[in-house]
There are 2 protein chains.
Amino acid sequence: MATKTTIHDIASFLNVTASTVSRALNNNPRISENTRKAVLKAAKQLNYQPNNIAAALRNGKSNLIGVIVPTADRAFFSSVVRGIEEIANRLGYKIIICQSYDDYSKEIQTVEALANARVDGIIASIGKETVNFDHYNDLLKKGIPIVLFDRTTDQLAVNQVMIDDYQGAYDAVSHLVDEGCQRIAHFTSPVKISIYKERLRGYTDALKDHGIPFDDNLVIESNLQLEGGRQSMLQLLELNKMPDAIFSASDYGAMGAMQVLKEKKIKIPQQVALVGFANEPFTSFTDPTLTTVDQLSLAMGHVTAELFFDQLNSLDKQIPQRTQKTVLQPQLIIRQSSLRSSGRV
Amino acid sequence: MATKTTIHDIASFLNVTASTVSRALNNNPRISENTRKAVLKAAKQLNYQPNNIAAALRNGKSNLIGVIVPTADRAFFSSVVRGIEEIANRLGYKIIICQSYDDYSKEIQTVEALANARVDGIIASIGKETVNFDHYNDLLKKGIPIVLFDRTTDQLAVNQVMIDDYQGAYDAVSHLVDEGCQRIAHFTSPVKISIYKERLRGYTDALKDHGIPFDDNLVIESNLQLEGGRQSMLQLLELNKMPDAIFSASDYGAMGAMQVLKEKKIKIPQQVALVGFANEPFTSFTDPTLTTVDQLSLAMGHVTAELFFDQLNSLDKQIPQRTQKTVLQPQLIIRQSSLRSSGRV
DNA sequence: CTTAAATGTGCAATCGATTGCATGTTAATA
DNA sequence: TATTAACATGCAATCGATTGCACATTTAAG
């Protein structure tokens with residue numbers, strides 16, 4: 001097991017000091033070209049690997065970014081993370097990914113652990129349960145930059161990136177109306193974090209703007225998972241008058257509805273049209289394929305990371321901060337499950 | 001912006017030295033109970049957060065584990081990662097996730113960057129292109145433990161966790177034979193990393209054991225993505241005699257075939273039965289639902305992490321290592337796409 | 001009452017890289 | 001030739017936590 005070489009090893013090898021080696025490796029202009037070359041050569045020869053830990057301690061900067069997501073195995077989040085990672089790597093940063101599992105105490109622990117690991121900042125999507133944000137505010141007080149994406153909050157004075165959930169929902173419902181639907185149900189979550197609030201608002205506003213009365217019975221709450229969607233659908237089927245369309249705040253919820261409808265031999269979209277939300281990979285594989293709202297996850301990752309690093313750099317330069325919200329426009333992906341009017345797909 | 005408190009701040013606050021504080025915080029038995037309590041109290045009062053970087057430098061141990069996957073936004077990998085993270089967190093470690101994007105030079109860079117970040121070890125699934133393993137061997141020489149999962153190699157003397165791809169394929173094909181299929185095609189990758197080699201071997205052996213002649217025309221190579229599956233299917237349709245079943249080494253490939261078959265009004269499974277591989281989330285949402293081989297991704301993450309930490313601990317104790325392969329048995333998930341014999345699902 | 005053992009803290013070095021300041025050398029200018 | 005500027009490198013402190021060894025105090029044993 002080779003003992004690791006340090007700049008001191010290189011220094012004594014070349015009969016100079018560690019200072020010189022350090023400067024040479026960091027392209028400090030005060031080092032002569034000859035020395036620099038000699039150092040680089042010796043470094044290669046001795047198989048030198050810089051110790052980022054030591055540099056981090058000295059510089060107070062780890063080049064590590066903490067990323068907190070509720071869960072990494074959901075297409076949306078893993079895709080955002082990928083976007084973040086692409087930008088981060090390009091700038092010489094690595095990311096530490098942590099999952100909160102939508103658990104409040106786990107989120108607190110995670111934030112603290114990342115702070116102790118001396119990450120240079122945190123990019124997070126907050127958990128569903130989280131209503132108190134002290135753990136994030138503590139970081140802000142210490143000057144650790146934070147950027148939130150998707151699941152955001154106005155209770156923190158930080159930069160945020162989200163999609164326009166309101167508009168996405170509005171577009172989805174408008175589309176259903178255009179297709180001739182008049183009795184449109186909505187699947188939502190009982191936990192009213194902003195994204196679900198906004199989607200509900202988009203739904204009701206779209207109805208209003210199209211002169212369709214709002215019916216409380218048509219708004220069904222569930223966990224928005226597959227089973228939740230199934231239950232919600234069964235609940236709708238017990239109404240005197242069935243809806244002719246469903247706008248679900250999640251693709252999984254819509255999928256549950258689709259399963260039940262198919263089991264009951266109810267035709268999609270002729271009898272009931274369906275629209276989901278998130279553009280999960282499976283939505284293009286169902287039969288019929290599922291109309292949904294794309295959240296531009298990769299782009300969101302990119303934008304979030306760019307915003308984060310902008311902030312990080314301006315912090316260095318003592319540029320005063322103003323928190324900003326970046327809102328991305330989602331895109332309605334029209335597929336078979338909502339296309340009643342014609343054969344076009 | 002509060003300047004961060006260190007053990008020295010606590011020390012001077014209590015009129016003791018940093019040594020005492022450090023020992024108290026680490027539950028060193030040589031510290032009196034009174035002092036310990038006082039230190040803990042002061043730490044809380046001064047809002048002390050340990051600096052892991054400093055400890056890492058001193059201890060030569062970062063409590064960080066590097067995890068390298070080809071891509072984090074594939075269900076299988078993100079699920080394994082989740083499994084790894086669960087175990088790691090429980091043991092006080094955090095993981096740094098890096099994506100190689102199946103790019104050889106990116107993989108080399110990543111390994112090096114993780115080494116520089118002084119991770120305590122690496123858990124990896126190697127890229128498709130990778131045929132030279134020097135970058136990993138360099139780490140081994142430095143005593144950094146490595147465990148591989150899923151995409152492994154015999155060219156590295158490290159612990160490995162994989163599923164029995166051979167058996168998974170063998171079971172899948174046997175199942176198709178049981179369902180009465182006699183002309184079974186196979187979708188595979190031109191890149192013959194071990195997983196694809198093993199699945200091909202399972203396919204051929206199963207045919208042989210059931211007395212079905214091997215037909216070269218029925219083995220189609222593609223990238224195994226959706227489009228690849230479509231192309232492969234079209235290729236098969238041009239044969240004089242169509243196959244009556246397809247075993248695809250990936251779910252996406254099977255999905256492509258399903259799409260083409262449905263477009264051509266060819267009945268699944270009556271005319272052509274389908275089996276995929278990986279149990280991607282969408283496979284239970286297709287119509288017909290797709291028979292596939294589950295890879296126990298979460299379990300694989302758990303097992304891999306446990307193996308890794310066992311090794312890490314025994315390294316500390318200077319226990320001699322013997323590399324071992326852990327092979328998990330995959331599970332055939334039988335769904336509609338392959339069930340010809342009866343109505344049971 | 002003396003001596004040895006047990007107990008609780010402090011001192012100072014260490015991990016490896018970085019950097020302000022000082023010093024020595026060479027080249028350029030008057 | 002003297003003087004100064006420009007250049008190249010070294011010295012030593014620093015980042016924060018840890019730990020072997022030394023020292024002082026208390027307790028127990030003889």
Side-chain angles (χ1 to χ4, degrees), chain A residues 2-40 42-43 46-64 92 115-120 142-143 316, chain B residues 2-40 42-43 46-64 92 115-120 142-143 316:
Chain A
T3 72
K4 290 145 193 163
T5 57
T6 72
I7 54 170
H8 293 94
D9 300 323
I10 300 178
S12 56
F13 181 79
L14 293 175
N15 282 320
V16 294
T17 61
S19 325
T20 303
V21 175
S22 172
R23 291 192 178 102
L25 292 172
N26 289 300
N27 289 316
N28 185 311
R30 307 194 51 159
I31 295 294
S32 71
E33 207 44 47
N34 286 336
T35 312
R36 189 190 317 284
K37 275 182 196 155
V39 168
L40 258 33
L46 299 177
N47 192 25
Y48 168 72
Q49 302 277 131
N51 184 330
N52 292 352
I53 295 274
L57 176 58
R58 169 65 215 231
N59 296 332
K61 185 167 183 324
S62 63
N63 278 41
L64 253 29
N116 294 350
R118 290 301 192 267
V119 293
D120 294 339
K142 288 179 191 151
D316 292 348
Chain B
T3 71
K4 291 145 192 166
T5 58
T6 72
I7 55 171
H8 294 94
D9 300 324
I10 300 179
S12 55
F13 181 79
L14 293 174
N15 283 320
V16 295
T17 61
S19 326
T20 303
V21 175
S22 172
R23 291 192 177 102
L25 292 173
N26 289 300
N27 289 316
N28 184 312
R30 307 193 51 158
I31 295 294
S32 72
E33 207 43 48
N34 287 335
T35 311
R36 188 191 318 283
K37 275 182 195 155
V39 168
L40 258 33
L46 299 177
N47 191 26
Y48 168 73
Q49 303 276 131
N51 184 330
N52 292 352
I53 295 275
L57 177 59
R58 169 65 215 226
N59 296 332
K61 186 169 182 323
S62 63
N63 278 42
L64 251 30
N116 295 351
R118 291 300 191 268
V119 293
D120 294 340
K142 289 178 188 150
D316 292 349

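Lettering of chains follows the sequences in order, A, B, ..., and the numbering in each one begins at 1. Everything numeric in this text was worked out from a predicted model, so none of it was measured.
- The phosphate of C/dA17 (OP1 or OP2) has no side-chain N or O of A/N26 nearer than 4.0 angstrom.
- Applying the 3.5 Å distance criterion, the base of C/dT9 shares no donor-acceptor pair with the side chain of B/R23.
- By the 4.5 Å heavy-atom criterion applied to side chains, B/L14 and B/T20 are not counted as neighbours.
- Nearest-nucleotide mapping onto DNA chain C: of B/T17 and B/A54, the residue sitting toward the 5' end is B/T17.
- C/dT9 atom P lies 8 Å from atom CG of B/N34, rounded to whole Å.
- Nucleotide D/dT26 holds its C1' atom 18 Å from the CD atom of B/E33, rounded to whole Å.
- Among the protein residues, B/V21 comes within range of no part of the nucleic acid, since none of its heavy atoms lies under 4.0 Å from any strand.
- Under the 4.5 Å side-chain criterion, counting only non-hydrogen atoms from C-beta, B/I10 is not in contact with B/T5.
- When the P atom of C/dC11 is taken as reference, atom CZ of B/R30 falls 16 Å away, rounded to whole Å.
- Separating the CD1 atom of B/I7 from the P atom of C/dT9 is a distance of 15 Å, rounded to the nearest angstrom.
- Between B/N51 atom CG and C/dC15 atom P there is a gap of 18 Å when expressed in whole angstrom units.
- Put simply, A/T20 has a side-chain N or O that comes within less than 4.0 Å of OP1 or OP2 on D/dG10.
- Within the structure, a side-chain polar atom (N or O) of B/T35 is placed less than 4.0 Å from OP1 or OP2 of C/dT9.
- Side-chain contact between A/V21 and A/H8: absent, with no pair of heavy atoms (C-beta onward) separated by less than 4.5 Å.
- The listed nucleotides are C/dT18, D/dT19, C/dG16; the one nearest the side chain of A/R58 is C/dT18.
- Of all heavy-atom pairs spanning A/R118 and B/Q49, the tightest one is NH2-O, 3.5 Å.
- Side chain of A/N59, nearest nucleotide from C/dT18, D/dG16, D/dT19: C/dT18.
- In this structure, A/N116 atom CG and D/dG16 atom P are separated by 14 Å, rounded to whole Å.
- Of the side-chain N and O atoms in A/S19, none sit less than 4.0 angstrom from OP1 or OP2 of D/dA12.
- Distance A/H8 NE2 to D/dG10 C1': 12 Å, rounded to the nearest Å.
- Considering only heavy atoms from C-beta on, A/V16 stays 4.5 Å or farther from A/R23 through its side chain.
- At the phosphate of C/dG16, neither OP1 nor OP2 sits under 4.0 Å from any side-chain N or O atom of A/T6.
- Side-chain atoms of A/A18 lie closest to C/dT18 of the nucleotides D/dC15, D/dA8, C/dT18.
- Taking atom NZ of A/K61 as the reference point, atom C1' of D/dT14 lies 19 Å away to the nearest angstrom.
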